[in-house]
2 protein chains.
Amino acid sequence: MVTQKYKDMLQKKSVIRTLSEFATKRGQEIGYENVFDYSLGNPSVPVVQDYTDNTIRLLQTKTSSELHGYSPSVGLPSFKEKVAASLNKRFDMNYTANHIFPTSGAAGALAHALRAVTSPGDDVLTFAPYFPEYNCYVGMTGANLRVVPANTADFQVDFEQFEKMLTSNVSAVLINTPNNPSGAVYSAETLKKLAQLMEDKQKEYGHDIFIISDEPYREIVFDGKKAPYVSKFYDNTLSCYSFSKSLSLPGERIGYVAVNPTCTDADLLVPMMSQISRGIGHNCPSSLIMMGVEDVLDETSDMTVYETNMNLLYDKLIELGFSCVRPSGTFYIFPKALEEDAVAFCNKALKYDLVLVPSDSFGCPGYFRMAYCIDTEKVVRSLDALERFVKTEYPDR
Amino acid sequence: MVTQKYKDMLQKKSVIRTLSEFATKRGQEIGYENVFDYSLGNPSVPVVQDYTDNTIRLLQTKTSSELHGYSPSVGLPSFKEKVAASLNKRFDMNYTANHIFPTSGAAGALAHALRAVTSPGDDVLTFAPYFPEYNCYVGMTGANLRVVPANTADFQVDFEQFEKMLTSNVSAVLINTPNNPSGAVYSAETLKKLAQLMEDKQKEYGHDIFIISDEPYREIVFDGKKAPYVSKFYDNTLSCYSFSKSLSLPGERIGYVAVNPTCTDADLLVPMMSQISRGIGHNCPSSLIMMGVEDVLDETSDMTVYETNMNLLYDKLIELGFSCVRPSGTFYIFPKALEEDAVAFCNKALKYDLVLVPSDSFGCPGYFRMAYCIDTEKVVRSLDALERFVKTEYPDR
């Protein structure tokens, strides 16, 4: 019989996807260049050329079985070794290949990591504003996602609320820095305090509490800064990464979980995640994609456009009277809407062909998200639309 | 806390994988060319050249966002359309793109299809001998896999046993034709009888019972014959396919579920499977792999070697006195062991560097599987080892 549970899920379509589909449809009417589509985090910059050249070379020189044969269910050894070496060099860690589990992007990484350290009925904490797909990943494991309210002053952690919610039923804390949708990057100070509190609670409760660290935006940080590496602060950390943003490869769905070598059961977690993969029938990412990526691990696409776009938008938003925390990274900005109901606000914006995402599904009502991974030329043109929108719809401000 | 359930699964390692790892290790000692490794179904013939040429051309001519941008969570439209068209042409079906769900190989296809039509506590029937990974796919949904005993006369269906086990608690029947490990291909007569019985039971119980049809070996059929297309016989069929064998692309993990357009909720099942994907974090296969495959859908690698190997092995096994049903397809053969305990039999074979898989995990004790997707030259050399093994270990036969 068709399963009612998944049938019911069809009603709860992603707001972001729905808006993105609206933008595509509107583009067919007036030309997509005239739709200021800030809905989807689809990287606009090209893949690194070395990735393309490397993949062509592989296809031209390797045998079919070298390239396309079955990979082990824990992942391709060469990919795992090179990821470990790259992380060790960049973040002063001690990973071996046995701590790296290749996945279908960050989504796959999060879903596997969560399942490996939670049981049905457990609580998983995350911090608002948060990526709404976390509901799906956590929900599928049978655990409950509980959302710590946002610290809207700077989108770091509200420790008072966090401590209150960090009960003995919590088995994992899911964090995302640099953050989608706020653009905040957790400071070393925030991470130290977070780690200390969690270590205290681990001792108090007598069981592990893992950090599941969602890091697809790790390489997109502004003002010449770097994002502190979460796993450096807390042993029980599973770092979930995707090459979607850093290499501009979202459609290839390639990422990994990096298991901190000093965490509990560090040598079992990758084999455990491979058992989870057996059950969901995923197994391992595509060989050709892993091989193409493994030699360009330390490169990134040219992502300066995101900082340029952020500055343009931030300045305009402030000029127009928005309240907004300046993003430190990612390609998102998260201003306060000009009325309490962010959905109403974003619906009005559509009249100006501005596609903004209301913040309700991010667990932080009254805000909106703009994904500015689009051409700067279009961002510039959108500023006029933004001004017209604000001055027409909110004349009394 | 690290989840005990997946930790426990580490004890139950796949017998096939374990033997394959043994073969690799033994190969390091005596040269892999001297290990008669019949353990793993890893295609030995090269990928079709058009696939490689096509992928290189894509990498050289398409833009980064065309090639590597996010694909919709229900899959790449061009891939879906072309798969539907190909199936319609070959099997006289009426699929549209909306009935095709791209997956991570047949494993992903089966896991999604099973989850879409079963609920925890339901029974899923399959027929011995069966691919042991079915335990993982079914187990992960919370349903129970129940195994209809083998019809060892010809490895078609034992209808008497099947009817007895087809209770109202059964929501899906998982079949595999051409069959791993027996090499049997279900005849049109078998499929007609199966469909009739299931339709009767659907009426009697007042609910749907789906066929989940596992078809990665659909294109490997011997003696110039073709495998009857299961979905043609029964409306409530979800066909699960992989290009691993037909194109020799196992490492790329690319396949699909094809939803029979006349089945219950035919237009909902693909979106439902995409919701399942959201939860397990898989989403969609790699864009580049889908695009590379979509233009070579009607091609296959040169698979004549499998028929050559089958005939060599079958004739030798019969000559040596084995009881064996001649395979009609796949690259497996499934003879009766020469003693009751197939594990003991296969352990003795290892002394002759013959890596055979005992049948216990296939739900049909007393047999063994040989995966003959290896070079014919090696098959020929293995025949001597087989003869020495049998004559030395079982001299009184």
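Per chain, numbering begins at 1; letters A, B, ... match sequence-line order.
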* **Geometric class of the B/Y51/A/H68 ring pair [parallel <30°, tilted 30-60°, perpendicular >60°]** => perpendicular
* To do: Quick one: pull up CG in A/L249 and CG in B/L67 and give me the separation to the nearest 0.5 Å.
  => 10.0 Å
* To do: Find the distance between OG (A/S119) and OH (B/Y6) and round it off to the nearest 0.5 Å.
  => 8.5 Å
* Check the pair B/I276, A/M140 against side chain to side chain contact (heavy atoms under 4.5 Å, CB included), reporting the backbone distance first and the verdict last. => CA-CA 8 Å; B/I276 294 169; A/M140 200 71 148; 3.8 Å; yes
* Structure fact -> Note: B/G41 and A/Y70 closest approach over all heavy atoms is O-CE1, 3.4 Å
* To do: Can you measure from CD1 (B/I289) to CG (A/L288) and round to the nearest 0.5 angstrom?
  => 5.0 Å
* What are the two closest heavy atoms between B/G279 and A/A111, and how far apart are they? -> O-CB, 3.9 Å
* To do: Begin with the C-alpha distance, continue with both residues' side-chain angles, and end with the deciding distance and a verdict on side chain to side chain contact (heavy atoms under 4.5 Å, CB included) for B/M272 and A/K7.
  => CA-CA 6 Å; B/M272 280 171 64; A/K7 216 164 159 179; 4.0 Å; yes
* B/T3 side chain to A/A116 main-chain N or O, any donor-acceptor pair under 3.5 Å? -> yes
* Do side-chain atoms of B/S64 reach the backbone of A/P46 as a donor and acceptor pair under 3.5 angstrom? -> no
* How long is the gap from CG on A/L58 to OG1 on B/T55, to the nearest 0.5 Å? -> 12.0 Å
* So with a 6.0 Å cut-off around NZ of A/K378, is the heavy-atom count from everything else above 12? -> yes
* **Flag if over 12 foreign heavy atoms under 6.0 Å of NZ, B/K201** => yes
* **Contact class of B/L76 relative to chain A, heavy atoms under 4.5 angstrom** => neither
* Asked: Hey, is the main chain of A/L59 close enough, under 3.5 Å, to the side chain of B/T52 for a donor-acceptor pair?
  -> no
* Asked: NZ/B/K5 to CD/A/Q275 distance, rounded to the nearest 0.5 angstrom?
  -> 11.5 Å
* Measure A/S65 against the heavy atoms of chain B and call it side chain, backbone, both or neither at under 4.5 Å. => neither
* Does A/E252 offer a backbone N or O that forms a donor-acceptor pair with the side chain of B/S286 under 3.5 Å? -> yes
* Asked: For B/L110, is it the side chain, the backbone, both, or neither that has a heavy atom closer than 4.5 Å to a heavy atom of chain A?
  -> neither
* Asked: What residue in A/P250, A/C263, A/S248 has the most heavy-atom pairs under 4.5 Å with chain B?
  -> A/P250
* **Region of B/D265 that comes under 4.5 Å of a non-hydrogen atom in chain A** => side chain
* Using a cut-off of under 4.5 Å on heavy-atom pairs, state which of B/R115, B/E21, B/E133 scores highest against chain A. => B/R115
* Asked: When heavy-atom pairs shorter than 4.5 Å are enumerated against chain B, which of A/R253, A/H112, A/M273 gives the highest number?
  -> A/R253
* What residue in A/C284, A/G139, A/P271, A/G292 has the most heavy-atom pairs under 4.5 Å with chain B? -> A/C284
* **Toward chain B, the part of A/I254 with a non-hydrogen atom under 4.5 Å** => neither
* Of the backbone (N, CA, C, O) and the side chain (C-beta and beyond), which part of B/S244 lies under 4.5 Å from a heavy atom of chain A, both, or neither? -> side chain
* Look at B/A107, B/S301, B/S287 and state which one has the largest set of heavy-atom pairs under 4.5 Å with chain A. => B/S287
